[in-house]
2 protein chains.
Amino acid sequence: MVGVTGPIRVVVVDDDPLVRGMLTLMLDGADGITVVGEAADGGQALTAVERHAPDVVLMDIRMPNVSGITATERLRRRPRPPEIIVLTTFDTDEHVVRALWAGASGFLLKDTPPEQISQAVRNVAAGAPILSPSVTRRLMQQVASGGESYEQALARLAPLTARERDVVLAIAQGRSNAEIAADLLMSVTTVKAHVSHILTKLDLTNRTQIALLAHDARLV
Amino acid sequence: MVGVTGPIRVVVVDDDPLVRGMLTLMLDGADGITVVGEAADGGQALTAVERHAPDVVLMDIRMPNVSGITATERLRRRPRPPEIIVLTTFDTDEHVVRALWAGASGFLLKDTPPEQISQAVRNVAAGAPILSPSVTRRLMQQVASGGESYEQALARLAPLTARERDVVLAIAQGRSNAEIAADLLMSVTTVKAHVSHILTKLDLTNRTQIALLAHDARLV
DNA sequence: CCGGGCCGTGACCGGTGGCACCGGCGACCG
DNA sequence: CGGTCGCCGGTGCCACCGGTCACGGCCCGG
């Protein structure tokens with residue numbers, strides 16, 4: 001990104017000295033990568049990053065004192081933050097979401113083969129995001145299933161007329177009939193009629209159900 | 001997956017003969033990959049797959065007659081479907097979602113370097129999903145932002161009492177006050193009171209707004 | 001003992017939805 | 001070309017649902 005000229009500078013953070021050693025060993029020998037520092041918990045990670053200004057941080061999640069998540073959050077708040085790859089043993093949704101939310105650029109399982117880890121470091125340093133295959137699969141499934149309901153919801157909205165769709169959109173914002181009437185320049189009774197038609201066409205009973213359906217169809 | 005013993009058998013599908021040639025050229029030489037067939041549109045893709053029973057299909061989206069999306073859908077419905085990598089020039093959300101929904105195992109941009117394409121073919125054949133970095137970045141951002149609004153919505157629901165949360169949950173399903181009363185074993189009047197309290201506490205005006213907020217908080 | 005939440009209830013009223021109807025517009029047809 | 005048929009948008013009237021108000025019982029902590 002900002003032109004990393006020399007070797008990629010890496011800091012390894014893990015509470016287990018053995019894991020730290022393994023990671024350092026496998027990375028320090030790899031092409032174009034130098035391990036410039038290690039840390040055993042989130043607090044040490046902060047100081048290590050301050051001292052060594054690395055390009056990439058390999059961060060364990062489960063650590064004593066300051067967890068990898070909060071350490072990631074704080075690191076990403078720094079002026080020129082390092083890219084952070086979160087390393088963990090389990091890929092629970094909880095972990096993944098929190099890591100991504102904290103600003104991690106990568107999420108790898110610890111059983112990833114060494115070659116792929118060093119490759120991931122290079123990719124992340126170049127600005128590309130990295131996810132473990134299992135995590136990628138989850139995200140894809142999530143998107144796919146979401147897309148499915150989205151398509152279904154859109155299909156149900158098909159028989160509506162243009163004006164009725166306008167009303168649906170307004171209802172999906174939580175607006176009252178009076179507000180809708182004002183916005184669409186028609187009488188309140190007309191709005192009611194439209195709502196009534198929509199309800200029968202979509203086989204619903206409440207306006208809230210209309211709002212929810214519209215939300216599923218991504219008409220927010 | 002099911003033990004691909006010999007070289008990985010690939011079918012290349014693209015309406016542009018030049019692109020087909022390039023892909024075949026770069027893949028057929030690569031380690032452990034054989035291009036066993038080519039096709040110029042979705043229809044030909046189906047017959048080609050039937051004839052050659054490939055492990056992986058490289059599929060263009062924009063093609064005359066049958067598009068890559070529908071071809072992917074049909075291929076995935078076959079008894080032992082090939083893994084499908086969708087190749088496209090643009091990574092619009094529309095394309096990505098439709099491809100994933102259709103059952104693609106990979107989504108690559110056409111400007112991906114040859115080495116990575118052959119690597120992607122190997123990965124997909126091994127059962128691992130593959131996404132272009134830009135697509136991965138989007139999915140990550142989506143998850144991250146989704147998590148954010150999720151947290152915010154959950155925070156707003158904090159001041160509610162247990163009973164009120166029950167009512168919120170029911171409203172989020174689009175249920176009427178009478179139904180809620182029946183389910184929670186209380187009078188309709190009481191339900192209304194709870195709704196009223198919820199509205200004031202959350203600073204809302206409609207029950208639909210309650211439903212939408214609950215949806216943002218993933219209480220579906 | 002009493003004040004303050006929380007839950008529950010009945011009476012009142014505005015907003016919401018069901019129904020019947022009308023004017024306008026395009027399609028189809030003799 | 002005129003008739004007519006169907007659909008869409010719009011309206012008024014009425015029943016009912018949904019929301020506010022005021023009140024009482026309960027439990028807990030001061």
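We name chains A, B, ... by the order of the sequence lines, and we start the count at 1 in each one.
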Answer yes if the side chains of A/Ser134 and A/Ser132 hold a donor-acceptor pair under 3.5 Å, and no otherwise.
-> no
Are a donor atom and an acceptor atom from the side chains of B/Arg207 and A/Asn206 found within less than 3.5 Å of each other?
-> no
Just checking B/Thr189: base, sugar-phosphate only, or nothing, at a heavy-atom cut-off of under 4.0 Å?
-> base
Which part of the nucleic acid, if any, lies within contact of B/Thr205, taking any heavy atom under 4.0 Å across all strands shown: a base, the sugar-phosphate backbone alone, or nothing?
-> nothing
Could you give the start and end, 5' to 3', of the contact zone on DNA chain D for chain B, using atoms under 4.0 Å from its heavy atoms?
-> D/dG18 to D/dT20
How many whole angstroms separate atom [atom1] of [X] from atom [atom2] of [N]?
X        : N      : atom1 : atom2 : result
B/Glu164 : C/dG8  : CD    : C1'   : 13 Å
A/Gln209 : C/dT16 : CD    : P     : 16 Å
A/Arg207 : C/dG17 : CZ    : C1'   : 9 Å
B/Leu184 : C/dG8  : CG    : P     : 8 Å

With rounding to the nearest 0.5 angstrom, report the [atom1] to [atom2] distance, [X] to [Y].
X        : Y        : atom1 : atom2 : result
B/Arg175 : B/Asp183 : CZ    : CG    : 4.0 Å
A/Ile69  : A/Ile61  : CD1   : CD1   : 4.0 Å
A/Glu151 : B/Arg98  : CD    : CZ    : 4.5 Å
A/Leu100 : B/Ser145 : CG    : OG    : 10.5 Å
B/Asn65  : B/Asp41  : CG    : CG    : 5.0 Å

So among B/Ile130, B/Val121, B/Ile117, B/Val57, which one has a side chain to side chain contact (heavy atoms under 4.5 Å, CB included) with B/Ile85?
-> B/Val121
Ionic contact status for A/Arg156 with A/Asp216, cut-off 4.0 Å = no
Pairing of B/Lys110 and B/Asp14 as salt bridge, 4.0 angstrom limit | yes
Ordered by number, residues from residues 190-200 of chain B within less than 4.0 Å of DNA chain D (heavy atoms) are B/Lys192, B/Val195, B/Ser196, B/Leu199
C/dT16 phosphate, OP1 or OP2, under 4.0 Å from A/Asn177 side-chain N/O = yes
Carefully, step by step, assess A/Arg20 and A/Asp60 under the rule salt bridge (Lys or Arg N to Asp or Glu O under 4.0 Å).
-> CA-CA 10 Å; A/Arg20 276 208 310 277; A/Asp60 186 27; over 6 Å; no
Ranking B/Asn206 and B/Pro159 by the position along DNA chain C of their nearest nucleotide, the one closer to 5' is B/Pro159
Extract the stems that DNA chain D is part of, considering only consecutive pairing runs of at least three Watson-Crick or G-U wobble pairs, both distances under 3.5 Å.
-> C:1-30 with D:1-30
